[in-house]
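The structure appears below as structure tokens.
Atoms within a ligand are numbered from 1 in the order they appear, just like the ligands themselves. Remember, it's a predicted structure, so these values are computed and weren't measured experimentally.
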Amino acid sequence: MAVHVVLNQKGGVGKSTLTMNLAAVKAHALTGDADVESPVAAISVDPQGSAVWWADRVEGSGNELPFKIAQAHDNPKILSQLHKLPGISHVYVDTPGWIDFSSNGDSADSLGAGASGDALRAVLSIADLVIVPIEPEPLCFDPTARTIKKVIEPLGKKFVVVINNWDPRDGKVDLEQTRAFVDAHGWPLARTVVRHYKVHTRAAADGRVVTEYDANRVSLQAREDFYKLSLELEAGGH
Ligand SMILES: Nc1ncnc2c1ncn2[C@@H]1O[C@H](COP(=O)(O)OP(=O)(O)O)[C@@H](O)[C@H]1O
Ligand SMILES: [Mg+2]
């Protein structure tokens with residue numbers, strides 16, 4: 001049983017994209033094309049529910065979601081039991097697009113006293129691994145550092161930073177700068193970089209997850225990053 005929580009205070013770094021596609025790849029690896037109950041679940045604690053919107057698009061376009069999905073941002077009791085879901089061996093948790101860390105001293109910690117703080121504390125309490133997506137651009141650095149230093153490290157959670165949305169056409173300068181930033185802090189960094197592909201950007205609106213892309217050369221390259229990342233996370237080398 002493994003619970004992965006995808007977390008970064010910054011919006012738009014790829015939390016929902018990683019959640020949905022890592023769940024899809026894991027489900028594909030575990031069940032193939034067999035018509036069996038999926039042992040994989042994606043859970044959204046993002047009140048805006050973009051993962052669930054995406055899932056609805058998948059089913060609405062006649063594709064099948066290869067994993068189970070549930071919206072559960074307002075039920076911390078259930079959220080702290082995600083590692084005990086019957087029939088589920090892998091859980092991927094999508095977290096809010098943007099998190100406002102509390103700056104006042106009243107609440108328990110920087111996640112704040114509100115419902116979304118409670119939801120995040122609940123899922124983090126049972127997380128086996130926190131996945132921290134970062135984009136290769138300096139705007140992401142401060143929010144990523146705050147997420148790790150104010151939330152993940154104080155809780156003593158195992159985590160890994162994953163560079164997402166790198167466009168090879170932009171050259172390697174930003175990529176190397178991002179790697180250097182992560183290394184300078186001594187944070188574990190996934191070797192796999194998830195590259196930028198239009199097919200990923202369009203996937204939600206198109207109603208597909210990564211395992212359902214067309215089998216053309218570019219889409220297969222785009223898929224490959226998620227299969228590699230999933231294998232790397234499974235191996236736990238970071
Ligand atoms: N590797 C990628 N390639 C192309 N587009 C991406 C990639 N990762 C994320 N995106 C796009 O960037 C936007 C933000 O991603 P999203 O997963 O919604 O971020 P978050 O959940 O952190 O707010 C979305 O439009 C998504 O499709
Ligand atoms: Mg999101």
Side-chain angles (χ1 to χ4, degrees), residues 4-25 42-58 61 65 67 69-73 92-101 116 119-120 123 130-137 139-148 151-152 159-170 172 174-175 178 189-214 216-230 232-233:
H4 300 77
V5 174
V6 185
L7 186 75
N8 192 322
Q9 181 195 17
K10 179 147 186 351
V13 294
K15 293 182 291 293
S16 301
T17 302
L18 261 61
T19 302
M20 293 291 279
N21 288 334
L22 285 172
V25 162
I43 305 290
S44 168
V45 298
D46 177 1
Q48 297 206 340
S50 54
V52 173
W53 181 83
W54 184 345
D56 287 345
R57 303 278 308 180
V58 171
S61 40
L65 199 67
F67 51 86
I69 186 155
Q71 177 70 32
H73 61 278
Y92 295 84
V93 182
D94 189 22
T95 62
W98 189 85
I99 306 166
D100 190 11
F101 286 165
S116 84
L120 287 172
V123 291
V130 183
I131 298 169
V132 184
I134 185 174
E135 286 185 308
E137 58 156 306
L139 258 182
C140 279
F141 292 2
D142 281 353
T144 301
R146 276 198 295 276
T147 304
I148 294 170
V151 179
I152 301 173
F159 70 98
V160 60
V161 179
V162 177
I163 298 176
N164 175 45
N165 214 6
W166 173 59
D167 192 336
R169 291 171 299 189
D170 293 342
K172 288 203 160 175
D174 291 335
L175 178 65
T178 307
L189 177 65
R191 205 176 282 273
T192 304
V193 173
V194 179
R195 291 167 292 183
H196 172 85
Y197 282 98
K198 272 261 160 58
V199 66
H200 292 321
T201 319
R202 289 201 206 104
D206 282 354
R208 309 169 197 220
V209 287
V210 72
T211 50
E212 297 166 334
Y213 291 175
D214 294 334
N216 60 52
R217 188 179 56 86
V218 173
S219 294
L220 288 172
Q221 283 172 357
R223 275 170 66 147
E224 185 183 47
D225 291 344
F226 282 99
Y227 282 85
K228 270 164 68 177
L229 179 60
S230 179
E232 186 183 353
L233 296 179

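Near Val194, meaning under 4.0 Å from one of its heavy atoms, ligand 1 places the atoms 1 (N). Every atom of ligand 1 with a heavy atom of Gly14 under 4.0 Å away is listed here by number and element: 15 (O), 16 (P), 17 (O), 19 (O), 20 (P), 22 (O).
Of the N and O atoms on the side chains of Asp94 and Ser16, at least one donor lies less than 3.5 Å from an acceptor on the other residue.
Gly12 N, 2.8 Å is the protein heavy atom nearest to atom 23 (O) of ligand 1. When only non-hydrogen protein atoms are considered, atom 25 (O) of ligand 1 lies nearest to Thr201 CG2, 4.1 Å.
Residue Val13 has at least one N or O atom closer than 3.5 Å to an N or O atom of ligand 1. Between Asp94 and ligand 1, no N or O atom pair is found at a separation short of 3.5 Å. The shortest N or O to N or O distance between Lys10 and ligand 1 is not below 3.5 Å.
Residue-ligand proximity: Arg195 is placed with a non-hydrogen atom under 4.0 Å from ligand 1.
The number of heavy atoms from other shown groups lying within 6.0 Å of CD (Gln48) does not exceed 12.
Taking the six-membered ring where tryptophan is involved, the planes of His200 and Phe226 are perpendicular, since the angle between them exceeds 60° and thus also 30°.
Residue Thr17 holds the heavy atom nearest to atom 16 (P) of ligand 1 of all those in Val6, Thr17, Asn8.
If you look at Asn164 next to ligand 1, the close heavy atoms, those under 4.0 Å, all belong to the side chain. Residue contacts with ligand 1 for Lys198 are absent, since no atom lies close enough (heavy atoms, distance under 4.0 Å).
Taking 2.8 Å as the criterion, Ser16 counts as a coordinating residue of the Mg ion (ligand 2), since one of its N, O or S atoms falls below it.
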